[in-house]
There are 2 protein chains.
Amino acid sequence: MGRSFAAGTRPRQAVSIQDVADRAKVSIATVSRALNKPHMVSPDTGKRVLEAVEELGYRPNRFAQALMTRESGVLGIALPDLHGEFFSELIRGADAEARALGYHMLVSSIHDDLGPKPADGPVRVSRALGLIDGLIAMITEPSSVLATQLDAMGVPLVMIGADDTDSNGHDSVSVDHADGARQACEHLLEDAEPGSCYFVGGPRRNYDTLKRAGAFRAFFESRGHTLRADQVQFRDYTIEWGGAWAQEMIERDALAGACVFCANDEIACGVLRIGRDAGLDVPGDLRIVGYDGTRLSQLVRPRLSTVAVPVDELGRSAVRLLIERLNEPDLPPRKIVLSPSLLVHESSSP
Amino acid sequence: MGRSFAAGTRPRQAVSIQDVADRAKVSIATVSRALNKPHMVSPDTGKRVLEAVEELGYRPNRFAQALMTRESGVLGIALPDLHGEFFSELIRGADAEARALGYHMLVSSIHDDLGPKPADGPVRVSRALGLIDGLIAMITEPSSVLATQLDAMGVPLVMIGADDTDSNGHDSVSVDHADGARQACEHLLEDAEPGSCYFVGGPRRNYDTLKRAGAFRAFFESRGHTLRADQVQFRDYTIEWGGAWAQEMIERDALAGACVFCANDEIACGVLRIGRDAGLDVPGDLRIVGYDGTRLSQLVRPRLSTVAVPVDELGRSAVRLLIERLNEPDLPPRKIVLSPSLLVHESSSP
DNA sequence: CTGAAAGCGCTAACAT
DNA sequence: ATGTTAGCGCTTTCAG
């Protein structure tokens with residue numbers, strides 16, 4: 001409307017701040033103020049501007065805004081290839097919190113295929129890096145490469161599940177798996193011999209499995225029991241592994257009477273199934289505790305006792321921490337540790 | 001480096017295009033070209049510029065770029081509150097495809113709590129609207145409100161799972177549930193009386209359930225069998241509903257000998273459990289087919305026959321469609337229909 | 001093939 | 001309280 005353009009330059013946006021200014025008979029600065037700092041304009045002009053905005057259907061150009069303010073209102077979240085439910089709960093929690101605080105989540109998966117240049121390494125937020133105000137990254141195993149890369153990205157960073165070493169200097173959120181494991185052990189030992197207790201772990205390098213295994217060992221050792229090598233085993237987070245483990249126990253004639261603490265619910269389901277197939281009564285002949293508190297644990301019968309992890313709260317806390325950091329860049333690094341809680345169901349009742 | 005600034009104006013970015021230009025002894029225009037249209041600069045200048053970029057660690061400011069080019073490389077995806085696995089697979093597929101094509105995904109959930117103004121309605125991408133190049137939205141039930149709102153947002157839009165009415169004028173991706181249901185019916189009828197076949201549905205307004213129920217009806221009616229009212233029922237997508245349904249069938253003494261097609265795997269698990277608890281042999285006395293092909297279907301015993309839905313491909317296709325649309329705005333609206341496929345396992349073998 | 005210059009639409013001093 | 005103005009960092013004509 002009445003604006004003129006250099007040759008070849010056309011207006012790209014339907015309605016800009018200038019149009020609003022014209023219509024409200026004020027300067028663009030006033031429009032900006034009316035929208036962003038309403039207390040700085042007179043009630044009357046404020047109203048006129050808002051009306052013009054409404055009538056014209058004006059939407060500020062976010063890029064232009066961001067170019068000035070250096071913030072986009074978008075938070076990145078980089079996750080490894082997670083189990084379905086864990087993934088969705090985490091995102092859901094993060095998204096809910098972000099939305100409530102006026103932010104949006106940009107998701108990105110962390111792949112192992114880190115390219116030659118660190119620039120496009122495991123964390124492929126690279127191209128989006130300039131678009132996000134901060135990043136949440138989940139770490140599942142010790143990996144200096146990854147931690148270093150994240151470090152070097154130059155965005156405010158919150159780590160999920162990272163070790164103290166890796167999260168060094170950054171805010172972090174994690175779950176007290178040592179405590180979760182302890183709860184499970186205490187529960188199992190209410191009615192068992194230390195010698196008949198087992199830990200069936202996931203991947204050997206996985207932080208979570210490591211912590212749970214460590215706590216399992218510590219628990220029994222602190223009670224004066226020396227664990228045999230066969231009492232703590234690792235493989236992966238699958239139902240197959242649980243089944244295979246149970247099968248081998250059966251062949252050694254050791255499954256009956258065992259108390260099994262599994263590193264996740266899937267493994268536990270595997271153990272449960274093979275145990276029952278072998279004619280064992282659960283929990284009569286075989287007691288099982290899983291980990292994570294997934295829906296799966298409540299779908300099987302008998303229902304699985306499990307250590308429930310507040311996954312969505314993990315996402316929420318990370319977002320909260322990150323936003324607080326954005327508002328207060330000089331805060332000392334903080335660390336939130338969430339507590340898991342043992343849910344006792346039929347699979348382990350003494 | 002040598003730049004001067006108006007009072008109170010400081011450089012906000014570590015290194016800008018001007019710095020690179022200075023270092024490479026060219027103009028900023030040339031730097032821009034060297035980076036975005038390498039074929040337009042001489043090999044020699046190109047190299048000099050790239051070196052300068054490298055040495056200075058220059059990263060173009062994405063906001064400034066976007067302000068000019070009007071594209072951010074970010075695609076929005078708005079999803080309703082989905083079942084964990086569905087959600088994660090969809091996002092994973094979308095993210096993988098987006099990444100491969102140089103884009104990023106911004107997720108946002110669709111809530112029912114649509115506010116007074118359409119601006120912040122169910123699809124809360126509002127604040128991000130200006131940041132995304134296009135939007136993928138999943139529709140699970142007829143809702144003119146939502147469809148209209150999406151329409152009005154003025155971004156390229158691809159719908160997932162929408163009815164033809166709702167997706168009117170937009171690109172869309174969906175799954176041929178009618179065909180999936182048909183496959184299941186054909187399989188069940190291989191060894192059954194039409195009168196002993198049942199459909200146990202999810203929410204009555206849910207698109208997917210509606211289509212599956214419709215195909216179930218059509219299948220039997222086209223074979224001259226008139227369905228009784230009790231052969232098609234609706235409730236929700238839970239294991240409890242499956243259990244309740246089976247329980248009632250038992251009380252009517254009708255579960256033995258039944259062939260049951262469930263609208264999803266969870267319902268099927270419910271039916272399976274109650275059936276087995278009642279001492280029925282599956283598939284001997286009771287045949288069951290689920291839907292979705294979730295991991296859950298393979299975790300139970302006997303394993304569930306199920307109609308597998310290519311969920312990640314749903315995400316991938318949507319992204320592909322959207323990006324093609326961005327590149328070719330005038331393409332006529334396109335519709336991709338993916339085919340589900342029946343997976344026969346123990347729960348239904350004749 | 002390269003440079004100068006004109007903005008993209010907005011915010012934030014600085015004046016008034 | 002409001003307007004003027006100077007950019008934010010980049011892409012893209014338009015002239016060489």
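Keep in mind that this is a model prediction, so the values were computed, not measured. Chain A is the first sequence line, chain B the second, and so forth, proteins listed ahead of strands; every chain is numbered from 1.
Only at 4.0 angstrom or more do the heavy atoms of residues 44-55 of chain A sit from any atom of DNA chain C, so none qualifies. Within residues 30-37 of chain B, the residues that place at least one heavy atom under 4.0 Å from DNA chain C are, in residue-number order, B/Thr30, B/Arg33.
Counting only distance, with no hydrogens or angles, the side chain of A/Thr45 and the backbone of A/Ser42 share a donor-acceptor pair below 3.5 Å.
If you check C/dC10, D/dT2, D/dT11 against the side chain of A/Ile17, the one that comes closest is C/dC10. If you check D/dG9, D/dG3, C/dG9 against the side chain of A/Ser27, the one that comes closest is D/dG3. For B/Val26, whose side chain is taken as the heavy atoms from C-beta onward, the closest listed nucleotide among C/dG3, C/dC10, D/dT2 is C/dG3. For B/Met68, taking side-chain heavy atoms from C-beta onward, the closest of the listed nucleotides C/dT11, D/dT11, D/dT2 is D/dT11. The side chain of A/Leu67 has C/dG9 as its nearest neighbour among C/dG9, D/dA1, C/dG7.
Comparing B/Ala64 and B/Met40 by the nucleotide of DNA chain C that holds the closest heavy atom to each, the one mapping nearer the 5' end is B/Met40.
Listed by chain and number, the residues in a side chain to side chain contact (heavy atoms under 4.5 Å, CB included) with B/Lys335 are B/Asp164, B/Ser172, B/Ser174, B/Val337 (sequence neighbours excluded). Here A/Ile139 pairs with A/Leu146, A/Leu150, A/Met159, A/Ala162, A/Asp166, A/Tyr207 under the side chain to side chain contact (heavy atoms under 4.5 Å, CB included) rule; sequence neighbours left out.
Of the inter-residue distances, the one linking B/Thr140 atom OG1 with B/Asp81 atom CG reads 10.0 Å to the nearest 0.5 angstrom. Atom CG of B/Leu90 is separated from atom CG of B/Asp312 by 9.0 Å, given to the nearest 0.5 angstrom. Taking CD1 from A/Ile136 and CG from A/Leu79, the interatomic distance works out to 9.0 Å, rounded to the nearest 0.5 Å. Atoms CZ and CE, from A/Phe87 and A/Met138 in turn, are 11.0 Å apart once rounded to the nearest 0.5 Å.
B/Arg48 and B/Asp44 are joined by a salt bridge, as a carboxylate oxygen and a charged side-chain nitrogen come within less than 4.0 angstrom of each other. Comment: B/Asp19 does not engage B/Arg23 in a salt bridge, judged by the lack of any side-chain N to carboxylate O separation of less than 4.0 angstrom.
Contact between the side-chain N/O atoms of B/Gln65 and the OP1/OP2 oxygens of D/dG9 is not found at any separation under 4.0 Å. At the phosphate of C/dT2, OP1 or OP2 sits under 4.0 Å from a side-chain N or O atom of B/Ser42. At least one side-chain nitrogen or oxygen of A/Arg70 sits closer than 4.0 Å to the OP1 or OP2 atom of D/dG9.
Protein atom CD of B/Gln18 is 10 Å distant from nucleotide atom P of D/dC10, rounded to whole Å. Atom CZ in B/Arg62 sits roughly 12 Å away from atom C1' in D/dC10 (whole-Å rounding). The interatomic distance linking A/Ile28 (CD1) with D/dT2 (C1') rounds to 12 Å, in whole Å.
One side chain, B/Ser109 or A/Arg99, offers a donor N or O that lies under 3.5 Å from an acceptor on the other.
Here the rule is side chain to side chain contact (heavy atoms under 4.5 Å, CB included) with B/Ile17, and of B/Asn61, B/Val53, B/Ile28 only B/Ile28 fits it.
For the salt bridge (charged side-chain N to carboxylate O under 4.0 Å, His left out) condition, the pairs that include at least one residue of residues 320-331 of chain B, sequence neighbours left out, are B/Glu97-B/Arg320, B/Asp171-B/Arg325, B/Glu313-B/Arg320, B/Glu324-B/Arg334.
Rounded to 10°, the helix from C/dC1-D/dG16 to C/dT16-D/dA1 has 30° between the axis fitted to its first five pairs and the one fitted to its last five.
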